[in-house]
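Down below is the structure, laid out as structure tokens.
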Amino acid sequence: MIINNKQYRSIWMSEDKLSIEIIDQRYLPFEFIIETINSSTEMAEAIRDMRLRGAPLIGVAAAYGMYLAALEASRKPDFNQHLKFSEILLLNTRPTAVNLKWAIDRVRKEIDKARTIEEIISNVYKIAEKIADEDVENCKSIGKYGVEIIEDISLKKKGDTVNILTHCNAGALACVDYGTALSPITEAFKKGIKLRVWVDETRPRLQGKLTSWELEQLSIPNTVISDNAGGYLMQKGMVDLVIVGADRIAQSGDVANKIGTYLKALAAKDSGIPFYVAAPTSTIDFNLQTGNDIIIEKRDENEVLYAEGLLNGKIESVRLFSSKAQAENYGFDVTPHKLISGYITEKGIYASIASII
Ligand code: MRU
């Protein structure tokens, strides 16, 4: 992604290969802050606090976290014990996105292949970089395939603006670059298709502010809407297509994604609007039959009870509810496959997950 005329990934290895650099997403869009992660424990904290977030990105971050763990382990009395400890720590940071486990499993295979500590460090380094590079290529391919859907709609509308609704942030910041749901949109914009993106604000963490900021960097026309507005816009013919990302996809095709996705899918179905899920195949959980078994993350109630914003040039937090109010904060919901028109992956567009397997 280009920020202030400079090319960035959302995560990368430092030049001396001793630490990892991330864009700290907690301060965007107000402040662009790069943070250095020096240890596997810090990486686990960064994932848990959502300094970095998004299913593909947390997978990559966990792989880099394992690389830091391997470096640390080489200075500890029990190398294997430290690696195992870090693996469990990273695995338990966030439960819903399967990419985390997928990436750690790939790292574990490379660890188990090696015979010396040097070999383990070198293998983990290579696999972490590979997972990051692959994510970039996968997201590019998602864009290349997904753009066909937007082109078709544009043709049917004889070149009129294609209105696309998206939920949460499934852009470059949620991945290493390009994004999942935003990749076809970016591709369509580059091809000169007239577009407007409706950006759901996505309470409580307001990932919509990341999406609208990313779209601004790309000069793609976008409008933020409250989470409750999508259904109305769909009924009024103001939405031609919905594209969202995914955190875990079961074999049945049921999709866990940011809380609120299910309601958009219901509304899209009722209005006959195509509803696509864009995700790399690393988001498919081949061990899971249906969405019923997906663990839904519950987060701190204060994310619901408070809101953050810019006040007099400073990021401030304000309480929104009475001091006695209690909240429940479910991070994700599951959209049943019957509400999904198709899956845009790096391998192509599929009507069902069974056809990918
Ligand atoms: O809680 P988050 O922000 O890490 O949520 C994950 C997501 O970014 C979304 O659910 C997204 O749509 C899928 S990941 C590209």
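Just so you know, ligand 1 is whichever comes first in the structure, and atom 1 is the first atom listed for that ligand.
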Report task. Under the side-chain hydrogen bond (donor to acceptor under 3.5 Å, both in side chains) rule, collect the residues that match up with Ser317, sequence neighbours excluded. Result ->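 Testing Ser317 for side-chain hydrogen bond (donor to acceptor under 3.5 Å, both in side chains), a comparison that skips the adjacent residues, returns none.
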Query raised in the report: Hey, does the Lys NZ or Arg CZ of Lys17 hover above the aromatic six-ring of Tyr125, less than 6.0 Å from the centre and inside 45° of the axis?
Result: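 Output no; distance or angle outside limits.
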Requested in this report: Mind running side-chain contact (heavy atoms from CB on, under 4.5 Å) on Ile149 and Tyr276 for me, showing each step along the way?
Outcome: CA-CA 9 Å; Ile149 298 164; Tyr276 280 89; 3.5 Å; yes
Does an N or O from [X], backbone or side chain, lie closer than 3.5 Å to an N or O of ligand 1?
X      : value
Asn169 : yes
Thr180 : no
Gly54  : yes

Within ligand 1, which atoms have a heavy atom of [X] less than 4.0 Å away?
X      : answer
Gln207 : 1 (O), 2 (P), 3 (O)
Cys168 : 7 (C), 8 (O), 9 (C), 10 (O), 12 (O)
Ala246 : 13 (C), 14 (S)
Met50  : 1 (O), 2 (P), 3 (O)
Ala170 : 15 (C)
Pro56  : 14 (S), 15 (C)
Ala174 : 15 (C)

Query - Trace of the side-chain contact (heavy atoms from CB on, under 4.5 Å) decision for Tyr178 with Val136 - result: CA-CA 7 Å; Tyr178 299 100; Val136 175; 3.6 Å; yes
Query - Ile225/Leu233 under side-chain contact (heavy atoms from CB on, under 4.5 Å): CA gap, chis, key distance, verdict - result: CA-CA 10 Å; Ile225 51 173; Leu233 298 186; 3.8 Å; yes
Query - side-chain contact (heavy atoms from CB on, under 4.5 Å) assessment of Met50 paired with Arg94 - result: CA-CA 10 Å; Met50 293 175 70; Arg94 297 193 68 193; 3.7 Å; yes
Nearest to [atom], what protein heavy atom do you find, and at what distance?
atom                    : result
atom 12 (O) of ligand 1 : Asn257 OD1, 2.7 Å
atom 14 (S) of ligand 1 : Ala55 N, 3.3 Å
atom 4 (O) of ligand 1  : Arg94 NH1, 2.8 Å
atom 3 (O) of ligand 1  : Arg53 NE, 2.5 Å
atom 10 (O) of ligand 1 : Asp247 OD1, 2.5 Å
atom 5 (O) of ligand 1  : Lys258 CE, 3.3 Å

Query raised in the report: Quick one: does Arg205 get a heavy atom under 4.0 Å from ligand 1?
Result: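 Judged by the 4.0 Å heavy-atom criterion, Arg205 does not count as contacting ligand 1.
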Query raised in the report: Hey, what's the ring geometry for Phe32 with Tyr8, parallel, tilted or perpendicular (30° and 60° as the breaks)?
Result: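 Correct class here is perpendicular.
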Within the supplied structure, the quantity of interest is the number of heavy atoms (other residues, nucleotides, ligands) at a distance under 6.0 Å from [X] [atom1]; does it exceed 12?
X      : atom1 : result
Glu119 : CD    : yes
Glu316 : CD    : yes
Leu310 : CG    : yes

Report task. Establish, yes or no, whether a centroid distance under 6.0 Å links the rings of Phe332 and Tyr262. Result ->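 No - the distance between ring centres of Phe332 and Tyr262 does not fall below the 6.0 Å cut-off.
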